[in-house]
Amino acid sequence: GKLASTAISVLGRLGNVKAAKRVFDRARLNGMGGNVFAFSALISAYGRSGRCKEALEMFECMKAEGCKPNLITYNALIDACSKGGMPDIARSLFSDMQQSGLEPDKITFNSLMGAYGRAGQWQEAESVFHLMGLSGLCQDLHSYNTLIDAFCKGGQLALAERLLDTMTSSGVQPNVITYSSIIDGYAKSGKEEEALATFSKMREIMKRSPGIHPDSVCFNTMLDMYGKAGRIEEAMAVRSEMESAGLGTDLVSFNALIDMMGKAGRPREAARLFEQMQRQGHHPNVLTWSALIGGFARSGFHTEAMKYFQEFKQAGLQPDVVLYSLLIDVHGKHGLVQEAMGLLKEMVANGIPPNVVTYNSLIDAYGRMGQVERAVTTMDEMKSKGLTPNAVTFNCVIDAFGKEGRAEEALQMAHRMREEGQSPD
RNA sequence: AAGAAUUCGUCGACUGAA
């Protein structure tokens, strides 16, 4: 009973949903599983791995079994929707729970705010923050951090800075997470100097409060920022600092470094880091491999890239949409459309449904080859699969017409783009 | 009064005279 919910929770945290579900099922067979605790833990486990649909199914399932969801169940489910990028469902659950007589608590508000923040809807996040105050709940450190992060993700750095001041004067002390969010916000807006200034400021403040230091997430944020900006020297310097701080280069640091080298057209350096990390006992994950493979593929070393892809599969790891889309894209860009189609078949056969990005890469490939008609059919095909073309899709098709000198049709496509709710820019 | 479940920051994919 109690042991089962704890086990489900721990497995969920480790990212092993399969095992969590097994424990859940077994506990239920033994007649000690079907309680709120187990259901909530499982819903949370699904949420953590981004499987919001399954979380919602479990929720329906528990209700059907007559197990009444409580505050924590709702919180877990709202968080699952948040992580799954479905803020609107999160919001309707927020209403539902009140209908059933449950009072939202701080965690409920924070989770809902996070749902909007992740989705880039910082205005909504802000209004939840205020609603929280109006409901008589006092915003805590999580609330401030969540809203600051929402502002940062929405590129509203001035608002983030202002809220940082507000929280301090309200007696809530910012922590590493607060500063990391802001640093990342600057990093993603291409404001490296501001990010660095925030980083330094944080270290100054932390010097005065013993026991608190920038952690690896914070360093990795800086590291990746320099990597993305192609400032290799500085990225390396961050790595050294991390090591002298006793944090070491962790999996995320290596992934960022490998990506940096790959994008800088230095895939051999990336491969060196790849070896190095393993010597240090790190197990490469899908992100590591994608960065590595992408580096080789973008530089035109397809054979190398595919060799690593084989190795990846032999290592028993499952390729995902991103990895397949990456491979499809680089093959398409180099005019290897047959190979790209082969990969598409393979992914479908492996039960990985292509998404908008996958299709965009194919459409782009046809466009580059001057096969506008095929580009258009591919767009229709994606629609028939229930996928909605986005701005990138339309841009690719418009560009394809443009390249062929078919300005009329390019314009028509731009019109359709508006009709279908995408704004051309 | 209980060994149970819930909230914050970092890494990989697509378009553009960028």
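Note on naming: letters A, B, ... go to the chains in the order of the sequence lines (proteins, then strands), and numbering restarts at 1 for each one.
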Next item on the list: Would you mind classifying the nucleic acid contact of A/Lys403 as base, sugar-phosphate or nothing, using non-hydrogen atoms under 4.0 angstrom?
Entry: nothing
Note to self: In whole Å, I'd like the distance from the CG atom of A/Asp364 to the P atom of B/C14.
What the structure shows: 10 Å
Check: Is A/Val286 touching bases, backbone alone, or none of the nucleic acid, heavy atoms closer than 4.0 Å?
Finding: base
Check: Out of A/Phe312, A/Trp289, A/Phe254, which residue meets the ring-ring contact (aromatic ring centres under 6.0 Å, His included) rule with A/Phe274?
Finding: A/Trp289
Next item on the list: Apply the ring-ring contact (aromatic ring centres under 6.0 Å, His included) test between A/Phe109 and each candidate in A/Tyr116, A/Phe129, A/Tyr74, A/Phe94; give the one that qualifies.
Entry: A/Phe94
Notebook entry, point to check: What residues, two or more places apart in sequence or in another chain, satisfy side-chain contact (heavy atoms from CB on, under 4.5 Å) together with A/Glu339?
Noted result: A/His331, A/Leu336
Note to self: Applying a 4.0 Å non-hydrogen cut-off, can you work out what A/Asn390 is touching in the nucleic acid: base, sugar-phosphate, or nothing?
What the structure shows: nothing
Next item on the list: Write down the distance between CD1 (A/Ile148) and C1' (B/U10), rounded to a whole number of angstrom.
Entry: 17 Å
Item checked: Set of side-chain contact (heavy atoms from CB on, under 4.5 Å) partners for A/Val348, sequence neighbours left out -> A/Pro354
Checklist line | Value in whole Å for how far the C1' atom of B/A13 lies from CG of A/Leu343 | finding: 13 Å
Item checked: Beyond-backbone contact of A/Ser253 with A/Met242, side-chain heavy atoms, under 4.5 angstrom -> yes
Notebook entry, point to check: Quick one: is B/C11 close enough that its OP1 or OP2 comes under 4.0 Å of any side-chain N or O from A/Arg239?
Noted result: no
Next item on the list: Return the value, rounded to whole Å, for the distance between atom CE of A/Met369 and atom P of B/U15.
Entry: 17 Å
Check: Are the ring centres of A/Phe59 and A/Phe39 closer than 6.0 Å?
Finding: no
Checklist line | Residues that A/Arg272 engages under salt bridge (charged side-chain N to carboxylate O under 4.0 Å, His left out), provided they are two or more places apart | finding: A/Glu269
Next item on the list: Round to a whole Å and report the spacing from CG of A/Asn285 to P of B/U10.
Entry: 15 Å
Next item on the list: Name the nucleic acid region contacted by A/Leu292, choosing base, sugar-phosphate or nothing; use a 4.0 angstrom heavy-atom cut-off, strictly under.
Entry: nothing
Checklist line | Rounded distance (Å) that lies between atom C1' of B/C11 and atom CE of A/Met277 | finding: 11 Å
Item checked: Separation of B/A13 C1' from A/Tyr359 OH (nearest whole Å) -> 16 Å
Checklist line | Side-chain N,O (A/Lys188) to OP1/OP2 (B/U10) below 4.0 Å | finding: no
Checklist line | Atom-pair distance (CG on A/Asp259; C1' on B/U10), nearest Å | finding: 13 Å
Notebook entry, point to check: What residues, two or more places apart in sequence or in another chain, satisfy side chain to side chain donor-acceptor pair (under 3.5 Å) together with A/Glu57?
Noted result: none
Notebook entry, point to check: For nucleotides 4-9 of chain B, read 5' to 3', which letter fits each nucleotide if B means a protein heavy atom sits under 4.0 Å from the base, S means only the sugar-phosphate is that close, and - means neither?
Noted result: BBBBBB
Next item on the list: Please examine the side chains of A/Phe401 and A/Val376, heavy atoms only from C-beta on, and report whether any two atoms are closer than 4.5 Å.
Entry: yes
Checklist line | Structure string for RNA chain B in dot-bracket form, Watson-Crick and G-U at under 3.5 Å, | interchain | finding: ..................
Note to self: When the C1' atoms of B/C14 and B/U10 are compared, how many Å lie between them, rounded to an integer?
What the structure shows: 23 Å
Next item on the list: Please measure how far the C1' atom in B/A13 lies from the corresponding atom in B/A17, and state the result in whole Å.
Entry: 24 Å
Notebook entry, point to check: Using atom C1' of each nucleotide, how far apart are B/C8 and B/A4 to the nearest Å?
Noted result: 24 Å
Next item on the list: Run the salt-bridge test on A/Asp149 and A/Arg118 with the 4.0 Å N-O cut-off and return the result as yes or no.
Entry: no
